Asker: 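Provided herewith is a single structure, encoded as structure tokens, for subsequent inquiry.
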Amino acid sequence: MFNSFKRKPPQISIFHHPSSPPSAKAVDLLKRAKTSPYPPTQPTASPLEYELDIVEGPPTADQLRTILSYMPSKATSPSMALLSAHPSASEASGKGVKEIAELASRNPKALKWPVVVDWDDGKATVGSVDGVKEILEALRRKRDEGEKEEDTKPKGWFT
């Protein structure tokens with residue numbers, strides 16, 4: 001009856017390219033944060049709770065539009081935010097999201113990897129392991145604030 005009130009874990013997606021070292025590092029970081037104490041410097045801390053969706057391939061044009069809206073600097077053009085320095089990226093330079101998505105599906109090296117999205121909090125990072133760490137840190141802060149609130153609430157009707 002009250003299942004809709006249960007708090008579900010945040011949904012995190014990583015669009016991953018296996019041959020990209022930053023992408024592989026980000027996948028490892030996201031997996032470890034779910035299974036080991038987070039932050040790793042605090043061995044008594046609990047792991048973070050979130051659903052992790054690992055997609056080996058580029059986002060669609062619609063997903064890219066949403067991802068761009070989540071990025072901190074909205075004034076940046078799509079090509080500046082999403083395209084790598086690979087020579088093939090010049091095909092879509094100055095173009096729109098649809099062209100970038102098409103190019104990325106033809107030539108994955110044209111895109112900056114990884115693309116990580118926290119769909120629930122509306123945060124995204126492209127091509128940055130540090131950006132992934134910032135998303136994880138935001139989840140940790142939210143988790144720790146939630147634990148403090150639960151500690152201050154009464155446990156039952158008569159307590």
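Only heavy atoms go into these numbers, but all of them, side chains included; no hydrogens, no water, no symmetry mates. Model, not experiment: these values are computed from the prediction.
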Asker: Would you please test Y70 and D121 for side chain to side chain contact (heavy atoms under 4.5 Å, CB included) and show each step?
Answerer: CA-CA 9 Å; Y70 289 170; D121 276 348; over 6 Å; no
Asker: Is the closest side-chain heavy-atom distance between P59 and I67 below 4.5 Å?
Answerer: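 They are in side-chain contact.
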Asker: Taking the side chain as everything from C-beta on, heavy atoms only, tell me whether Y50 gets closer than 4.5 Å to L30.
Answerer: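 Result yes, sub-4.5 Å side-chain heavy-atom pair found.
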Asker: Would you call D28-K25 a salt bridge at under 4.0 Å N-O?
Answerer: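 No.
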Asker: Quick check on K34: does its NZ atom have over 12 non-hydrogen neighbours (other residues, nucleotides or ligands) under 6.0 Å away?
Answerer: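 Yes, because the 6.0 Å sphere around NZ of K34 holds more than 12 heavy atoms from other groups.
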Asker: Are any of the side-chain nitrogens in E137 or R140 under 4.0 Å away from the carboxylate oxygens of its partner?
Answerer: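 The answer is yes: the pair qualifies as a salt bridge.
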Asker: Is there a path from I12 to V115 through hydrophobic residues (I, L, V, M, F, W, Y) whose side chains come within less than 4.5 Å of each other?
Answerer: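 Result: no, two separate clusters.
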Asker: Is it the case that S23 and H17 place a side-chain donor and acceptor less than 3.5 Å from each other?
Answerer: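 Per modelled atom types, S23 and H17 side chains form no pair under 3.5 Å.
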Asker: What do the steps show when you test V126 against L68 for side chain to side chain contact (heavy atoms under 4.5 Å, CB included), and what is the final call?
Answerer: CA-CA 9 Å; V126 176; L68 284 170; over 6 Å; no
Asker: Can you hop from Y38 to V27 via hydrophobic side chains spaced under 4.5 Å?
Answerer: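 Both belong to a single hydrophobic cluster.
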Asker: So does R106 pair up with E91, basic N to acidic O under 4.0 Å?
Answerer: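 Looking at E91 together with R106, the answer is yes, because their closest N to O distance falls below 4.0 Å.
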Asker: Indicate whether any N or O donor in one side chain lies under 3.5 Å from an N or O acceptor in the other, for H86 and S84.
Answerer: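 There is no such pair between these side chains.
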